[in-house]
Amino acid sequence: MNATPNLSSAQHLKEEISRLKKEKNALIMAHYYQRDEIQEIADFIGDSLALARRAARTDADVIVMCGVNFMGETAKILCPDKVVLIPDTEAGCSLADSCDPVEFENFVKQHPDHTVISYVNTSAAVKALTDIVVTSGNARKIVEQLPQDEKIIFGPDRNLGEYINSVTGRSMLLWNGACHVHDRFSLEKIAEMKKAHPRAKVLVHPECRRPLQLIADKVGSTAALLDFAAVDDAPEYIVVTESGILFEMRKKCPGKVFLPAPADDAECQCNECDFMKLNTLRKVYEALRDGKPEVQVDPAIAAKAIRPIERMLEMSE
Ligand code: 13P
Ligand code: SF4
């Protein structure tokens, strides 16, 4: 007779997740902003680009996407025959929400001679209106492959768009969207930290505002910031992005000090993404056990959204 597992402790949850994973031939993927304990049990941890790439080549039957909804949707669009589970369907994204598909379609229609580039942090419906999807890890490389005089719409993140305009010399038309986490870091707070830690280098995600990009020692996607810290010789870093990344940074660079930058908002000093942190070990366990919640994408939308995602993967090889 099977004993009922004691699931009151994190250790037991981890053991059950490991057992179910084998039983169901599942792959657990996690973004760097996930809780530490989820990064610990994941088979693969990555930035948005790496997660999409890994999903595209998996032979698992089930993908458990520990991230937010648009990451689950991207995996489902790339792997329509697989079961894609997301531990909490409330894990949305303020940046994706800042781009309503109907309003975006009107914007696109007003500029019919423009190529439409969308950040992966968008709904499947917005991707379906897009020519090429990008992530913060490949946006520059992809834009640079287009002719210098090509007219481009870039959405929805205006901070990333400004950054790409500045490094490529383009003047892409920008959608006015932002991520609530990255948009609340301020120059003033980072300057205060820099005063207290003069030897620290400043690592900035391009979803942060332009003044922060300008004072950064490195601007890059989560994976690019990690790679920079791993080869750079500074002893300390001020990390201006979601604080979940510190788990992997400290693991990769045990001798270095990583200081999370505080947000600068009258209501919230928090540098965590509340959507990303909705996923817990228990929810991962329950998703694997029950085979739900399963990500579903309207097949008509998925049929249009697959091409710009594939173009991204081709152009960033
Ligand atoms: P990257 O994983 O591309 O760095 O994006 C960060 C982010 O905000 C994901 O939601
Ligand atoms: Fe979206 Fe920002 Fe959270 Fe990333 S950190 S999932 S962009 S709200």
Side-chain angles (χ1 to χ4, degrees), residues 29-35 38-39 42 44-55 65-75 86-99 117-123 126-127 133-143 154-161 163-164 175-185 203-209 212-213 216 218-229 239-249 260-261 263 265 268 270-279 309 312-313 316:
M29 305 218 281
H31 189 269
Y32 291 122
Y33 297 162
Q34 289 294 288
R35 293 169 185 270
I38 290 192
Q39 295 191 48
F44 183 82
I45 312 169
D47 67 352
S48 308
L49 175 60
L51 291 174
R53 278 191 177 138
R54 184 69 186 84
M65 182 59 79
C66 301
V68 293
N69 284 332
F70 75 79
M71 295 173 178
E73 283 187 348
T74 303
I86 184 131
D88 191 320
T89 54
E90 296 297 309
C93 168
S94 55
L95 177 52
D97 289 346
S98 69
C99 191
I117 297 188
S118 294
Y119 196 25
V120 70
N121 300 44
T122 44
S123 62
V126 167
K127 290 187 178 77
V133 168
V134 296
T135 73
S136 52
N138 60 20
R140 177 180 187 165
K141 186 174 181 182
I142 287 176
V143 169
F154 186 94
D157 192 280
R158 62 168 181 270
N159 297 328
L160 175 64
Y163 175 69
I164 300 300
W175 183 262
N176 189 17
C179 153
H180 74 296
V181 181
H182 290 90
D183 210 39
R184 52 183 189 220
F185 292 112
L203 307 179
V204 171
H205 196 280
E207 288 173 24
C208 298
R209 293 181 184 187
L212 287 161
Q213 298 170 8
K218 172 72 185 171
V219 178
S221 72
T222 46
L225 297 181
L226 271 158
D227 291 347
F228 178 84
V239 183
V240 195
T241 186
E242 211 270 359
S243 58
I245 196 177
L246 274 85
F247 179 73
E248 184 67 13
M249 281 182 163
D265 186 298
C268 180
C270 178
N271 53 17
E272 288 190 346
C273 173
D274 31 355
F275 296 115
M276 285 279 184
K277 300 305 194 250
L278 282 174
N279 296 325
I309 299 173
M312 166 182 87
L313 295 176
S316 61

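One-based numbering, in listed order, for ligands and for the atoms of each.
- Looking only at side-chain heavy atoms (C-beta outward), Thr222 and His205 come within less than 4.5 Å of each other.
- With hydrogens and angles left out, the side-chain atoms of Ser94 and His180 include a donor and acceptor closer than 3.5 Å.
- A salt bridge does not link Asp227 with Lys218: every distance from a Lys NZ or Arg NE/NH1/NH2 to an Asp or Glu carboxylate oxygen is 4.0 Å or more.
- By the 4.5 Å heavy-atom criterion applied to side chains, Leu95 and His182 are not counted as neighbours.
- Close contacts of ligand 1 with Ser221, meaning ligand atoms under 4.0 Å from a residue heavy atom, involve 4 (O).
- Contact check for Cys66 versus Pro87: side-chain heavy atoms found under the 4.5 Å cut-off.
- Side-chain contact between Phe70 and Thr122 is absent, with no heavy-atom pair separated by less than 4.5 Å.
- At the top of the distance list for atom 10 (O) of ligand 1, counting protein heavy atoms only, stands Asn121 ND2, 3.3 Å.
- Of all atoms in ligand 1, listed by their number and element, those nearer than 4.0 Å to a heavy atom of Ser48 are 1 (P), 2 (O), 3 (O), 5 (O), 9 (C).
- Legend: protein N/O/S atoms lying under 2.8 Å from atom 3 (Fe) of ligand 2, waters omitted, number 1.
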Ignoring hydrogens and angles, write down the donor-acceptor pairs under 3.5 Å from the side chains of residues 48-55, residues two or more places apart or on other chains.
| from | atom 1 | to | atom 2 | distance (Å) |
| --- | --- | --- | --- | --- |
| Arg53 | NH2 | Ser316 | O | 2.6 |

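- By the 4.0 Å heavy-atom criterion, Ser136 is counted among the residues contacting ligand 1.
- Not a single heavy atom of Glu242 sits less than 4.0 Å from an atom of ligand 1.
- When the heavy atoms of Met71, His31, His205, Glu207 are ranked by distance to atom 2 (O) of ligand 1, first place goes to His31.
- Residue-ligand proximity: Glu207 is placed with a non-hydrogen atom under 4.0 Å from ligand 2.
- Contact atoms of ligand 1 toward Thr222: 1 (P), 2 (O), 4 (O) (distance under 4.0 Å to a heavy atom of the residue).
- The closest side-chain heavy-atom distance from Val181 to Glu272 is not below 4.5 Å.
- Between Tyr33, Tyr119, Phe275, Phe70, it is Tyr33 that holds the heavy atom closest to atom 7 (C) of ligand 1.
- Using a 4.5 Å cut-off on side-chain heavy atoms (C-beta onward), Val68 and His31 make no contact.
- Using a 4.5 Å heavy-atom threshold, the side chains of Glu242 and Glu207 count as separate.
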